[in-house]
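Have a look at the structure below, then the notes.
Every chain is numbered from 1, with letters handed out A, B, ... down the list of sequences.
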Protein chains: 2
Amino acid sequence: MLEECKALSNETRLAILDWLKDPAVHFPGAEGADAGVCVGLIQRRAGCSISTISAHLAILQRAGFLRATRRGQWIHYRRDEDRIRAFTERLHRDL
Amino acid sequence: MLEECKALSNETRLAILDWLKDPAVHFPGAEGADAGVCVGLIQRRAGCSISTISAHLAILQRAGFLRATRRGQWIHYRRDEDRIRAFTERLHRDL
DNA sequence: TCGGCATTTCGCTAATTGACGAAATTACGT
DNA sequence: ACGTAATTTCGTCAATTAGCGAAATGCCGA
């Protein structure tokens, strides 16, 4: 619970999760956005450095909120809805 | 949402919320524990300094998770179940 | 193998958070 | 007013987090 709450305690990371709820809307031009969005697009949307975005995505992944899929030189990130739901339910039950 | 997540991103604060779920169990000897638990008892239970506990309680109060009631020189803290529930529901809906 | 591109990791700095002891504030009884 | 107790605030230091640019790593096509 602690790690997840920490992962959510940052504006940019909350925004990333929100954008990835509906990639087609927030990342126009991303082909097959259902399969995830690449780091570069997220970085451009967030407007900060690529290294910072990479670190943010790693934190969200470690917390279980995102899943990464490598396709050649590209890495696509998308939400892990099951784990997100599991977390909110656990919070509801335990908090 | 950010402030609440930050409030929950600390072990001691999570523990305090957990203890205050059932004060009679975690604070034996606290009279009328339903009306809240005083800072001193929480501090003793947490095992850190009184000033640190005071700061933690302030953070939890500002996030809406706790309510404080002053009774003379005593201040009693208890959970604000409505706001806790509202937060977990909002998280469930929005995350 | 090389060059180009995507992404992660590293090293550094600045900001924020956590913890403490001391000082300040609030409340109470004499 | 004074002394005691509860609690908060303040000042300080240490640890953690956030952000950046550069270096390193991984992938691909020629």
Side-chain angles (χ1 to χ4, degrees), chain A residues 1-20 23 27 29-33 35-63 65-78, chain B residues 1-20 23 27 29-33 35-63 65-78:
Chain A
M1 200 188 284
L2 191 58
E3 182 170 24
E4 287 98 333
C5 290
K6 283 185 179 182
L8 297 177
S9 301
N10 173 277
E11 235 182 56
T12 303
R13 290 200 288 275
L14 284 177
I16 289 169
L17 284 172
D18 193 53
W19 298 333
L20 289 179
F27 300 100
E31 303 221 341
V37 181
C38 68
V39 182
L41 284 187
I42 298 172
Q43 179 260 336
R44 227 163 296 153
R45 184 78 174 73
C48 51
S49 77
I50 193 76
S51 57
T52 299
I53 290 298
S54 183
H56 281 320
L57 294 172
I59 288 164
L60 288 169
Q61 189 180 359
R62 201 166 43 244
F65 296 134
L66 295 186
R67 295 236 304 263
T69 314
R70 185 178 263 276
R71 294 198 189 85
Q73 75 183 26
W74 304 84
I75 305 191
H76 292 108
Y77 285 85
R78 67 189 149 108
Chain B
M1 200 188 285
L2 191 57
E3 182 169 24
E4 287 100 333
C5 290
K6 284 186 179 184
L8 297 177
S9 300
N10 174 275
E11 235 181 56
T12 304
R13 290 202 287 274
L14 284 177
I16 288 169
L17 284 172
D18 193 53
W19 298 334
L20 290 180
F27 300 101
E31 303 224 337
V37 181
C38 69
V39 183
L41 283 186
I42 298 172
Q43 180 260 336
R44 228 164 297 155
R45 184 75 173 77
C48 52
S49 77
I50 193 79
S51 55
T52 299
I53 289 298
S54 182
H56 281 320
L57 294 172
I59 289 164
L60 288 170
Q61 188 180 359
R62 200 163 46 244
F65 297 134
L66 294 187
R67 295 236 303 261
T69 315
R70 184 177 266 275
R71 293 198 191 88
Q73 75 181 22
W74 305 85
I75 305 189
H76 291 107
Y77 285 85
R78 64 190 153 108

Atom-to-atom span, [atom1] of [X] to [atom2] of [N] - whole angstrom:
X: A:Arg44; N: C:dA6; atom1: CZ; atom2: C1'; result: 11 Å
X: B:Leu8; N: C:dG18; atom1: CG; atom2: C1'; result: 16 Å
X: A:Gln73; N: C:dT8; atom1: CD; atom2: P; result: 12 Å
X: A:Gln43; N: D:dA18; atom1: CD; atom2: C1'; result: 16 Å
X: B:Leu2; N: C:dT16; atom1: CG; atom2: C1'; result: 13 Å
X: B:Arg62; N: D:dT9; atom1: CZ; atom2: P; result: 10 Å
X: B:Glu11; N: C:dT17; atom1: CD; atom2: P; result: 18 Å
X: B:Lys6; N: D:dA18; atom1: NZ; atom2: C1'; result: 10 Å

On DNA chain D, more 5' by nearest nucleotide between A:Arg71 and B:Ile75 is B:Ile75
5'-most contact on DNA chain D (nearest-nucleotide basis), B:Val39 vs A:Gly72, goes to B:Val39
Which atoms form the tightest heavy-atom contact between [X] and [Y], and what is the distance?
X: B:Gly36; Y: B:His76; value: O-CD2, 3.7 Å
X: B:Leu57; Y: B:Ile42; value: CD2-CD1, 4.1 Å
X: B:Ile53; Y: B:Ala46; value: CD1-CB, 3.5 Å

Sorted by number, residues from residues 46-61 of chain B placing a heavy atom under 4.0 Å from DNA chain C are B:Cys48, B:Ser49, B:Ser51, B:Thr52, B:His56
Check: Any side-chain heavy-atom pair from A:Phe27 and A:Leu20 closer than 4.5 angstrom?
Finding: yes
Could you check if a side-chain atom of A:Met1 sits within less than 4.5 angstrom of a side-chain atom of B:Leu8, using non-hydrogen atoms only?
no
| message | Check whether B:Arg70 reaches the backbone of B:Gly72 with its side chain - one donor and one acceptor, N or O, closer than 3.5 Å. | response | yes
In this structure, NZ of A:Lys6 is separated from SG of B:Cys5 (nearest 0.5 Å) by 13.0 Å
| Is the distance from OP1 or OP2 of D:dT8 to the nearest side-chain N or O of B:Tyr77 less than 4.0 Å? | yes
- Given D:dT17, is OP1 or OP2 found less than 4.0 Å from the side-chain N or O atoms of A:Asn10? no
_What's B:Arg13 touching, base or sugar-phosphate or nothing? Going by heavy atoms closer than 4.0 Å._
sugar-phosphate
